[in-house]
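Notes for the one structure printed next.
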Amino acid sequence: MALERVGFVGWRGMVGSVLRERMSAEGDWAGLEPEFFSTSQVGLPAPDVGVAAPPLGDAYEISRLARQQVIVSCQGGDYTKQVLPELRAGGWQGYWIDAASAKRMDDDSVIVLDPVNRDHIDRAIAEGVRNYVGGNCTVSLMLMALDGLFREGWVEWLSSMTYQAASGAGARGMRELVEQMRVIGDDARKLLDDSAASALEIDREVSESVRGAGLPTENFGAPLAASLIPWIDSPMEGGETREEWKAFAEGNKILASGTPIAMDGFCVRIGAMRCHSQAFTIKLRSDVPLDEIEGVLADANDWVSLVPNDKDSTLERLSPAAVSGTLDVPVGRVRKLRMGPDYLGAFSVGDQLLWGAAEPLRRILGILREHEG
Ligand code: NAP
């Protein structure tokens, strides 16, 4: 039966907004009878997506949710933990598509990243799996970037050092970063306007601003602009953060690799807006020639591209400034490392609100609609 009745929860949040934009850009609303739900704005008009939709429903009204064939939630993990069990307990058999991490590691759900694990998704649909969850942004972007190496089975282990954008902490995180930049810029304005002011004077002023009480840090708990934060999410037992743990846990679940590949590193928040970057140290299983590696990386999927390892190409194509707002996943700085011929280095950038969040959700909805014809 064609999937038409699709409920959207969390549609006005950051991931939900990007999802709506992408669905509009791709003409995905055609043929849908969407219903939009809210935890706070029940009864207000639905967003205009070009097809009719009733006023906003109550996101906690189980009977109304249960009328949907598919529910797409970008509302957050607490919402998922509360509502999904109630729906299932009531016998709801629909598809649950989720941005939150709550159900990612459960046996009855698949982490979706179809350019990488389409086979796995197709098998799961055939087997009747009803829960499809987008992966952690950093993990999804890593797998998109290094897709070719994993496909070939060349990776023995890898370490990823990340440079993660403010958007990973939600809309308030993005706002706070720019507010911090404003405080620093305003404080330094006089010195910047004075061509005789020394760089050391400017530095002293900036340091004072960054450490001062005037810098807003409610969201990140520390300065991010003109600084960085080497801690993302909660602590885990082994000393890693939950964000760092996800590379191994979610990465191997997406790859569905029989023998888990060791993946670990440090996740660091930096002052980019919505692109995560990552530097990889990859231990290959053998000494694969560099030109072969480059070819495999470049051809792995439609979104990854190889950036030549030179300064001009790197500055032009391999930065958050170049990639933000696009689906491109450039991989560059590819070279053999001094540790030996089977050690590879690479650097990649990706928009964490697109491939890292909204795009896999948009695509799994399309895949499910295709399957159900
Ligand atoms: P968000 O922007 O905080 O939005 C979540 C909900 O907050 C909205 O749906 C809305 O629900 C409510 N809300 C309250 N005030 C709002 C306002 N002024 N503007 C918009 N919404 C407001 O959350 P998010 O960053 O999109 O994340 C949603 C889920 O996706 C989370 O589980 C997150 O972990 C996951 N995720 C996020 C990212 C990311 O990069 N941010 C990446 C991957 C996965 P009501 O309409 O019900 O009030």
Side-chain angles (χ1 to χ4, degrees), residues 7-23 34-47 53 55-61 64-65 71-84 96-106 109 111-113 131-144 162-177 218-220 232-234 241-243 246-247 250 254 267 269-270 272-277 320 324-325 350-364:
F8 291 86
V9 193
W11 52 272
R12 77 184 183 104
M14 214 166 45
V15 176
S17 302
V18 175
L19 175 66
R20 277 185 295 135
E21 272 176 22
R22 284 291 301 140
M23 287 183 66
E35 229 181 291
F36 295 89
F37 294 84
S38 175
T39 62
S40 65
Q41 301 192 331
V42 182
L44 292 184
L56 300 180
D58 181 346
Y60 293 110
E61 193 183 328
R64 189 157 167 189
L65 291 170
I71 294 173
V72 182
S73 173
C74 306
Q75 185 66 14
D78 291 345
Y79 176 79
T80 300
K81 282 185 210 154
Q82 178 176 340
V83 167
L84 185 58
W96 179 268
I97 297 176
D98 205 337
S101 62
K103 275 206 72 65
R104 278 189 202 139
M105 295 309 293
D106 290 358
S109 61
I111 305 179
V112 289
L113 187 64
N131 304 313
Y132 296 88
V133 188
N136 168 263
C137 40
T138 321
V139 176
S140 295
L141 290 168
M142 168 182 74
L143 294 181
M144 288 294 289
T162 75
Y163 306 78
Q164 298 187 217
S167 58
R172 279 175 309 179
M174 293 172 89
R175 253 197 107 81
E176 188 166 284
L177 170 62
E218 291 75 20
N219 191 67
F220 288 113
I232 300 176
D233 210 338
S234 50
T241 64
R242 180 165 290 277
E243 187 78 1
K246 285 174 180 172
E250 290 188 22
I254 294 171
C267 291
R269 184 84 65 203
I270 57 133
M273 285 296 274
R274 55 182 279 181
C275 276
H276 288 354
S277 308
S324 188
D351 187 314
Q352 70 93 211
L353 290 175
L354 288 167
W355 275 118
E359 191 64 5
L361 305 185
R362 186 190 77 76
R363 291 172 65 90
I364 187 64

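Just so you know, ligand 1 is whichever comes first in the structure, and atom 1 is the first atom listed for that ligand. In this text the structure is predicted, and so the values were computed from the model without any measurement.
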Which of the numbered atoms in ligand 1 are under 4.0 angstrom from any heavy atom belonging to [X]?
X: G77; value: 32 (O)
X: G76; value: 31 (C), 32 (O)
X: L353; value: 40 (O)
X: A357; value: 42 (C), 43 (C)
X: S38; value: 45 (P), 46 (O), 47 (O), 48 (O)

Just how far is it from atom [atom1] of [X] to atom [atom2] of [Y], taken to the nearest 0.5 Å?
X: L177; Y: F220; atom1: CG; atom2: CZ; answer: 6.5 Å
X: I111; Y: E250; atom1: CD1; atom2: CD; answer: 4.5 Å
X: D98; Y: L361; atom1: CG; atom2: CG; answer: 8.0 Å
X: L353; Y: M273; atom1: CG; atom2: CE; answer: 10.0 Å
X: I71; Y: L65; atom1: CD1; atom2: CG; answer: 4.5 Å
X: E218; Y: R175; atom1: CD; atom2: CZ; answer: 12.0 Å

**Report entry** Contact check, G168 vs ligand 1, heavy-atom distance below 4.0 Å
**Finding:** yes

Query raised in the report: Would you say Q352 contacts ligand 1, with heavy atoms under 4.0 Å as the rule?
Result: yes

Just need the protein heavy atom nearest to [atom], so name the residue and atom and give the distance.
atom: atom 4 (O) of ligand 1; answer: G13 CA, 3.2 Å
atom: atom 48 (O) of ligand 1; answer: S40 OG, 2.5 Å
atom: atom 18 (N) of ligand 1; answer: R12 NH1, 4.2 Å
atom: atom 30 (O) of ligand 1; answer: A99 CB, 3.4 Å
atom: atom 2 (O) of ligand 1; answer: M14 N, 2.9 Å
atom: atom 28 (C) of ligand 1; answer: C74 O, 3.1 Å
atom: atom 7 (O) of ligand 1; answer: Q75 NE2, 4.5 Å
atom: atom 34 (O) of ligand 1; answer: A100 CA, 4.7 Å

Query raised in the report: Taking N136 as the fixed residue, which of Q352, R242, E243, R104 is the one that meets the side-chain hydrogen bond (donor to acceptor under 3.5 Å, both in side chains) rule?
Result: E243

Report task. Check the angle between the aromatic planes of W11 and F36 and answer parallel, tilted or perpendicular using the 30° and 60° thresholds. Result -> perpendicular

Query - Exercise check, heavy-atom protein proximity under 4.0 Å to atom 9 (O) of ligand 1 - result: yes

Query raised in the report: Are more than 12 heavy atoms from other residues, nucleotides or ligands located less than 6.0 Å from atom CG of D78?
Result: no

Query raised in the report: Quick check: does Q41 get an N/O under 3.5 Å from an N/O on ligand 1?
Result: no

**Report entry** Pair L84-N131, side-chain contact (heavy atoms from CB on, under 4.5 Å): steps then yes or no
**Finding:** CA-CA 10 Å; L84 185 58; N131 304 313; 4.0 Å; yes

Query raised in the report: Hey, looking at atom 41 (N) of ligand 1, which of A59, G16, S167 has the closest heavy atom?
Result: S167

Query raised in the report: Which one of L44, L19, V15 has a non-hydrogen atom at the shortest distance from atom 37 (C) of ligand 1?
Result: V15

Requested in this report: May I have the step-by-step check of ring pair (Phe, Tyr, Trp, His ring centres under 6.0 Å) for F37 and Y60, ending in yes or no?
Outcome: CA-CA 9 Å; F37 294 84; Y60 293 110; over 10 Å; no

Query raised in the report: Does some side-chain heavy atom of L113 sit less than 4.5 Å from a side-chain heavy atom of M144?
Result: yes

